[in-house]
There are 2 protein chains.
Amino acid sequence: MSQLSDRQKIILSLVVHEHTRTAQPVGSKSLIDQYNLRISSATVRNEMNMLEEMGFLRQPHTSAGRVPTEEGYRFFVGNLVQHTSLPSATRNTIAHQFYQSRKGLDHWLPLAASVLANQSQAVSIVTAPHSENITFKHLELIATRGNQVLLVLVLVGGEIQQQILTFDSIHSQEQLSQLAQQVNHICENRSVEQIKALTPVNNPNLKLVLEAVVDQLSLANKLVTGELYLDGLSNILSEPEFTDLQADSSPLRLLEERPLLDDLISRTVLSEDIGGVRVLIGGEGTWQELQNCTVVLTRYGIPDQFSGTLGVLGPMRMPYGQTISVVRYVGELMSDLVIENLID
Amino acid sequence: MSQLSDRQKIILSLVVHEHTRTAQPVGSKSLIDQYNLRISSATVRNEMNMLEEMGFLRQPHTSAGRVPTEEGYRFFVGNLVQHTSLPSATRNTIAHQFYQSRKGLDHWLPLAASVLANQSQAVSIVTAPHSENITFKHLELIATRGNQVLLVLVLVGGEIQQQILTFDSIHSQEQLSQLAQQVNHICENRSVEQIKALTPVNNPNLKLVLEAVVDQLSLANKLVTGELYLDGLSNILSEPEFTDLQADSSPLRLLEERPLLDDLISRTVLSEDIGGVRVLIGGEGTWQELQNCTVVLTRYGIPDQFSGTLGVLGPMRMPYGQTISVVRYVGELMSDLVIENLID
DNA sequence: ATTAGCACTCTCATCATGAGAGTGCTAATT
DNA sequence: AATTAGCACTCTCATGATGAGAGTGCTAAT
């Protein structure tokens, strides 16, 4: 790829910046006016022409200003964006909110979504962290009405699964506790495969419970991701990019249809990348729904053990420096919180 | 209120029906063409004039067709809508989906949201059912790393709350189980108030756990509603009513800001109404955000004990008969499921 | 009581017009 | 050799005029 001169880099940056601000094509004259450049509009026009030939800018119509192309944004994000760290006032405000809220993932996840949405003025996406190696931690059986029993299964990592079991006959809480203890003894810290491989048992109740445990563990294994928190939908609906939405190729489809989003997440951001922020600009040829959008994602938690994804989806025209900083910071915060409160 | 003649009722119904279909003002000529009426357009015009004077119809412009007013819709829903029960094929399809899915509220709630959204082509709203009298059912303490202990609290009704406790020193699982059993003995089937009123205990660990239990129970009491499931957002975004959305008076605000929605629900649909469907047309003067919208809600579960809310939000111009039927049917289904699987 | 007939009104799509913003090119300037 | 002033040209967009279409209200006839 041909090199860009310093001046071309500046102009590209300014076009990106100005277009982010106004959502309009940027003309040579208005650019030098806005930023008090020492060069003439004619020079800017020549440079813009070059940038257009290189594929970084594009004209919506023959005699309109220029708009960055996807390639232009990619170059900008890859080479030009200034990675300013978040102002410490903002960091403090955010951290404060987390440490002031009630402890527990249940509270932190929606809070993270809310913070991301507000700071980025885009839609935030936060998935609950999820164990990569599902293992049994603890089981409890609780007597309810009649022969129905509530099974509560705690996984290593602290996730909880519940299910209602129907026994053949009525059992007392003491009997159930004893049964649970038996199961705990057998299964503690084991994976589905290990539990499946155990020698079959004869006791029909024990068998019933073990089958349910295996069921629940397999189910947890199958889920690519757990709960999902979104926030800030109204932020993007007012953006011009989203006003003429065709129901079928709208980015909203991605947010509403869980499998699509899981696919996007799993193909974009890998568990081992914790700390890194991925910026996906314009669907990259794979996601038609993201034509005019950018997704900024990061992974948080503990690599290869217990991690989730968080980030934002917004118009391609977004303040990249700030957005990337916020996503990174919230990711770090959530990683710390998860590590501090991990069950193992 | 002045009475309507049968013919006026028919014409009002047809205007509502036609406008629901086309989203356009309805003219006298097009009405008789569309429905093969035996009367002339002039007669229809006279009747429409009467209906307009009574406040049931309105003309967007001096010489356009008529559109139903809020009052018009209210009269229609109150007196004219045909309460056709859902076609049995549809009922079967829906019921089938519920009985085929995995058991458990976690699966039924999003399923209900999905069914409602698809059937009504509007946004569905489903809140998890919630105990009105929060009472202790069962406690479990689970040893984790170091002196951190996972507290799992099961409420009557089957809701589960969890919290991480930090003890002064490290305890074995046996010790913790014993402690939990003590607490279970003390608290079983009691409310927060009853537990608070107990004579203070000396054992510091027991005290710590009891305080946490009281904390969690109070928290559960405070929540007006639990988790919230939405689906079908894209359905309404494509409707003309929602295209020119002002960020601040858009119905979306209601869906995004939880307190607003809780307020709407608690003021609209009461716990004792289970079985009844409430139709709120155009905000009724209270909710500015619902100017062109209708909300159809019902309560499901067990009256005054364990109930949640479900329904849809759509444009005021909606197929009321069908929507009401679907909401009622899904509500009944969910009531049955909740009752069958209630823990007590 | 109903309806045919008609003048009138209002919207909407279409077209022409002109201001404004921007471009590319060429010749002059640094 | 790079930069810039100058200029003709292009394209959009807001504005206003025009006419077809749909609908109304009123009056007189049925």
Side-chain angles (χ1 to χ4, degrees), chain A residues 2-12 14-19 21-69 72 240 243-244, chain B residues 2-12 14-19 21-69 72 240 243-244:
Chain A
S2 49
Q3 283 296 334
L4 270 68
S5 71
D6 283 355
R7 195 169 63 188
Q8 285 169 334
K9 289 180 184 171
I10 290 174
I11 290 179
L12 178 55
L14 293 182
V15 170
V16 168
H17 187 261
E18 187 66 5
H19 183 248
R21 215 173 55 82
T22 63
Q24 295 294 323
V26 181
S28 53
K29 182 79 183 345
S30 63
L31 199 67
I32 55 169
D33 286 357
Q34 192 66 38
Y35 295 95
N36 297 315
L37 299 189
R38 302 305 191 78
I39 51 180
S40 76
S41 64
T43 309
V44 174
R45 277 203 289 283
N46 286 329
E47 297 289 32
M48 281 177 161
N49 222 329
M50 303 256 73
L51 287 167
E52 185 163 355
E53 276 172 23
M54 290 187 253
F56 294 139
L57 294 180
R58 139 185 99 77
Q59 282 182 288
H61 325 281
T62 313
S63 77
R66 259 77 169 200
V67 164
T69 60
T243 48
D244 61 335
Chain B
S2 48
Q3 283 294 335
L4 270 68
S5 71
D6 283 355
R7 195 168 63 186
Q8 286 169 334
K9 289 180 184 172
I10 291 175
I11 290 179
L12 179 55
L14 292 182
V15 171
V16 168
H17 188 260
E18 187 66 4
H19 183 249
R21 216 174 54 83
T22 62
Q24 296 292 325
V26 182
S28 54
K29 181 79 180 347
S30 63
L31 198 66
I32 55 167
D33 285 358
Q34 193 65 39
Y35 296 95
N36 298 314
L37 299 189
R38 301 306 190 79
I39 51 182
S40 76
S41 62
T43 309
V44 174
R45 277 202 290 284
N46 286 329
E47 297 288 33
M48 281 179 162
N49 223 328
M50 302 257 77
L51 288 167
E52 185 164 354
E53 276 171 26
M54 290 187 250
F56 295 139
L57 293 181
R58 133 186 103 76
Q59 282 182 288
H61 325 281
T62 312
S63 77
R66 259 78 168 199
V67 165
T69 60
T243 49
D244 62 335

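Lettering of chains follows the sequences in order, A, B, ..., and the numbering in each one begins at 1.
Shown here are the salt bridge (Lys or Arg N to Asp or Glu O under 4.0 Å) partners of A:K9, two or more places apart in sequence or in another chain: there are none. The side chain to side chain contact (heavy atoms under 4.5 Å, CB included) search around B:I32 returns B:L37, B:S41, B:V44, not counting sequence neighbours. Legend: residues meeting side chain to side chain donor-acceptor pair (under 3.5 Å) with B:S40, ordered by chain and number and at least two apart, are B:T43.
Note: CD1 (A:I32) to C1' (C:dG22) measures 12 Å, nearest angstrom. One atom, CD1 of A:I11, and another, P of D:dT3, lie 10 Å apart when rounded to the nearest Å. We find that NE2 of B:H19 is positioned 18 Å from P of D:dA22, with the value rounded to whole Å.
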Under 3.5 Å, which N/O atoms of the protein pair with N/O atoms of nucleotides 11-13 of chain D?
residue : atom : partner : partner atom : Å
D:dC11  : OP1  : A:T62   : OG1          : 3.2
D:dC11  : O4'  : A:S63   : OG           : 3.1
D:dT12  : OP1  : A:H61   : ND1          : 3.1

If you restrict it to nitrogen or oxygen atoms, what contacts under 3.5 Å exist between nucleotides 14-20 of chain D and the protein, and what is each distance?
none

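The stretch residues 36-50 of chain A participates, sequence neighbours left out, in these salt bridge (Lys or Arg N to Asp or Glu O under 4.0 Å) pairs: A:R7-A:E47. Annotation: salt bridge (Lys or Arg N to Asp or Glu O under 4.0 Å) contacts involving residues 59-69 of chain B, sequence neighbours excluded, comprise B:E52-B:R66.
Only A:G27, A:S28, A:S30, listed by number, bring a heavy atom of residues 22-30 of chain A to less than 4.0 angstrom from any atom of DNA chain C. Of the residues in residues 41-51 of chain B, those placing a heavy atom less than 4.0 Å from an atom of DNA chain D are B:R45, B:M48, B:N49, in numerical order.
Between D:dG25 and B:R66, a contact under 4.0 Å exists linking OP1 or OP2 to a side-chain N or O.
Axis deviation across the helix from C:dA1-D:dT30 to C:dT30-D:dA1 amounts to 30°, comparing end segments of five pairs, rounded to 10 degrees.
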Show me the donor-acceptor pairs within less than 3.5 Å that the side chains of residues 57-64 of chain B make with the rest of the protein, sequence neighbours left out.
residue : atom : partner : partner atom : Å
B:Q59   : NE2  : B:T62   : O            : 3.0
B:Q59   : NE2  : B:A64   : O            : 3.1

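Within 6.0 Å of atom NE2 in B:H17, 12 or fewer heavy atoms from other residues, nucleotides or ligands are found, so the atom counts as exposed in its surroundings.
Between the B:E18 side chain and the B:V15 main chain, no donor and acceptor come within less than 3.5 Å of each other. For the pair B:Q34 (side chain) and B:L31 (backbone), a donor-acceptor distance under 3.5 Å is absent.
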